[in-house]
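We name chains A, B, ... by the order of the sequence lines, and we start the count at 1 in each one.
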Protein chains: 2
Amino acid sequence: MKYSSSKENYLKAIFHLQEEDGVVTTNALANELQTRPASVTDMLKKLKTQKLLLYEKYQGFKLSNEGKKVALQIVRKHRLWEFFLVEKLHFGWEEVHDMAEELEHISSKKLIDRLDEFLGFPKNDPHGDPIPDSSGKLAMKQHISLLDIPLNTLAEVSNISDQSIEMLELLKHKSIAIGTKLEVKRKFAFDNSLELKIKNQSAITISESVAKNVFVII
Amino acid sequence: MKYSSSKENYLKAIFHLQEEDGVVTTNALANELQTRPASVTDMLKKLKTQKLLLYEKYQGFKLSNEGKKVALQIVRKHRLWEFFLVEKLHFGWEEVHDMAEELEHISSKKLIDRLDEFLGFPKNDPHGDPIPDSSGKLAMKQHISLLDIPLNTLAEVSNISDQSIEMLELLKHKSIAIGTKLEVKRKFAFDNSLELKIKNQSAITISESVAKNVFVII
DNA sequence: ATATTTTTTTAGATTTGTCTAAATTTATTT
DNA sequence: AAATAAATTTAGACAAATCTAAAAAAATAT
């Protein structure tokens with residue numbers, strides 16, 4: 001079955017919001033997709049007709065199994081293309097998102113499976129997010145917030161949950177990226193700010209609000 | 001400026017028909033795009049409004065300079081993606097067309113220039129068609145002797161330099177004519193004879209003295 | 001528990017690209 | 001040169017995805 005780019009975008013957005021907040025609302029979805037609530041309602045009805053969504057008006061909605069399957073294939077495509085753009089075409093991981101938004105709608109499954117093979121079956125995309133396998137299975141791995149790791153323990157940045165331009169700009173300035181190895185040296189109780197040490201660099205400080213969006217594996 | 005996939009398809013189709021036949025007709029274009037003449041007329045008006053096409057009703061049409069420029073960028077994208085699919089993802093050159101039809105509408109110019117670089121600035125796509133450079137310049141097809149083309153590369157017979165009755169009789173027997181598409185499968189060092197494969201036919205052998213008079217474009 | 005606010009949905013319009021059927025223009029025949 | 005045929009265009013309709021404005025339902029506050 002093939003779906004329009006627009007439908008695919010809805011499915012992906014619902015999938016992400018569902019993961020994050022458990023429940024998805026019409027307004028939240030409209031906000032995520034930069035559109036109007038009325039447009040969302042229109043599309044929800046279409047997705048229901050195609051059995052991609054379980055939806056009763058005013059009663060909320062969530063993806064059907066089929067809808068989840070389609071969403072995972074799009075997530076897979078998005079993340080593999082991002083990996084390709086960074087690893088092979090040498091883009092920075094902060095500039096690939098928009099290109100991947102387009103590439104994720106290329107339909108051929110054979111193409112994406114070949115791309116996966118060409119890239120060496122990567123487990124995570126350049127932002128640290130896991131890449132679903134060919135059958136759509138998503139490996140869960142535990143990302144821990146910087147706030148929750150013990151002092152003086154080497155940790156590797158695996159994921160940035162807030163990927164706003166502003167956040168990325170700040171992290172770039174502090175030399176923090178996916179894969180950066182660091183240790184938390186001090187925690188200040190007053191404002192929950194952290195002092196970090198990155199190998200071969202001088203100590204830096206980040207606020208609680210930044211730290212809670214930086215996830216690591218230890 | 002960004003154009004819809006549909007507009008891009010029209011521009012590309014007009015470009016190709018223009019190359020081939022000099023003049024393009026509404027019917028020919030409808031046939032090429034598998035659509036109806038009425039739909040073509042509708043689109044021609046839109047393309048004119050956007051100054052991509054010079055068009056006066058009932059008087060025929062052709063691409064403006066701007067339209068040609070856009071068409072060449074799409075051709076560039078199509079051929080680079082085909083090259084990528086064959087060289088990097090190991091698809092056969094006969095199975096990549098539909099995928100490239102989708103990929104050619106990915107908008108980022110930076111992406112396609114990086115891809116070009118990644119691929120080593122190839123001059124021709126897997127079908128032998130020339131790839132426009134970053135500025136949209138299209139290298140003129142050169143006529144090369146069959147003796148000088150690489151193995152397993154699709155070539156189209158463009159010229160026969162010796163047009164004696166004897167030569168033409170021989171070529172007729174071998175089913176070789178202007179426009180015939182073939183590949184050189186083997187070169188025998190002993191007598192420089194060649195083994196050729198024409199689509200849908202069994203392999204044939206020709207001598208060096210015949211081959212040097214058959215020119216092709218790749 | 002009623003009033004108010006917020007969220008969601010409906011009704012009707014708009015844009016893009018397509019279609020069919022009919023009209024018009026151009027080309028071809030006799 | 002008039003008649004016929006072919007090519008092209010117009011008129012009016014439709015589907016997909018979106019929008020605005022208004023109505024309906026649910027949530028919240030007094």
- Task: Measure distances between side-chain N and O atoms of B:Tyr58 and base N and O atoms of C:dT24, and say whether any donor-acceptor pair falls under 3.5 Å.
- Result: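 A donor-acceptor contact between them is present.
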From [options], pick the nucleotide closest to the side chain of [X]?
{"X": "A:Ala38", "options": "C:dT10, C:dT18, D:dT10", "result": "C:dT10"}
{"X": "B:Gln59", "options": "C:dT26, D:dT18, D:dA26", "result": "C:dT26"}
{"X": "A:Ser39", "options": "D:dA21, D:dT18, C:dG17", "result": "D:dT18"}
{"X": "A:Lys57", "options": "C:dT9, D:dA26, D:dT10", "result": "C:dT9"}

- Query: Can B:Trp81 and B:Leu115 be said to form a side-chain contact (heavy atoms from CB on, under 4.5 Å), step by step?
  - Reply: CA-CA 8 Å; B:Trp81 280 116; B:Leu115 180 67; 3.8 Å; yes
- Query: side chain to side chain contact (heavy atoms under 4.5 Å, CB included) with A:Glu94: which of A:Met167, A:Lys172, A:Gln163?
  - Reply: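 So the option named by the test is A:Lys172.
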Side-chain N or O of [X] closer than 4.0 Å to phosphate OP1/OP2 of [N]:
{"X": "B:Asn27", "N": "D:dT8", "result": "yes"}
{"X": "B:Ser4", "N": "C:dG17", "result": "yes"}
{"X": "A:Lys7", "N": "D:dA17", "result": "yes"}
{"X": "B:Thr35", "N": "C:dG17", "result": "no"}

Is [X] touching bases, backbone alone, or none of the nucleic acid, heavy atoms closer than 4.0 Å?
{"X": "B:Tyr10", "value": "sugar-phosphate"}
{"X": "B:Gln34", "value": "nothing"}
{"X": "B:Tyr55", "value": "sugar-phosphate"}
{"X": "B:Thr26", "value": "sugar-phosphate"}
{"X": "A:Ser6", "value": "sugar-phosphate"}
{"X": "B:Lys45", "value": "sugar-phosphate"}

Check the distance between [N]'s [atom2] and [X]'s [atom1] and give it to me in whole angstrom.
{"X": "B:Arg36", "N": "D:dA13", "atom1": "CZ", "atom2": "C1'", "answer": "16 Å"}
{"X": "A:Lys2", "N": "D:dA16", "atom1": "NZ", "atom2": "P", "answer": "15 Å"}
{"X": "A:Asn9", "N": "D:dA16", "atom1": "CG", "atom2": "P", "answer": "17 Å"}
{"X": "A:Asp42", "N": "D:dA21", "atom1": "CG", "atom2": "P", "answer": "16 Å"}
{"X": "A:Phe61", "N": "C:dT7", "atom1": "CZ", "atom2": "P", "answer": "14 Å"}
{"X": "A:Met43", "N": "D:dC19", "atom1": "CE", "atom2": "P", "answer": "11 Å"}
{"X": "B:Glu56", "N": "D:dT9", "atom1": "CD", "atom2": "P", "answer": "11 Å"}
{"X": "B:Asn31", "N": "D:dA6", "atom1": "CG", "atom2": "C1'", "answer": "16 Å"}

- Message: So for atom CZ, which belongs to A:Arg36, do other residues, nucleotides or ligands contribute more than 12 heavy atoms lying within a distance under 6.0 Å?
- Response: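 Result for CZ/A:Arg36: open.
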- Message: So, applying salt bridge (charged side-chain N to carboxylate O under 4.0 Å, His left out) with B:Arg79, which one of B:Asp133, B:Asp116, B:Asp125 is it?
- Response: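 Option passing the salt bridge (charged side-chain N to carboxylate O under 4.0 Å, His left out) with B:Arg79: B:Asp125.
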- Query: Between CD of A:Glu8 and CD of A:Glu104, what distance do you get to the nearest 0.5 Å?
  - Reply: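 Here the interatomic distance stands at 7.5 Å.
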- Just say parallel, tilted or perpendicular for the rings of B:Phe118 and B:Phe84, cut-offs at 30° and 60°.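 Ring orientation of B:Phe118 relative to B:Phe84: tilted.
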- Message: Which is more 5' along DNA chain D, the nucleotide nearest B:Pro37 or the one nearest A:Lys46? Just name the residue.
- Response: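 Nearest-nucleotide comparison on DNA chain D picks B:Pro37.
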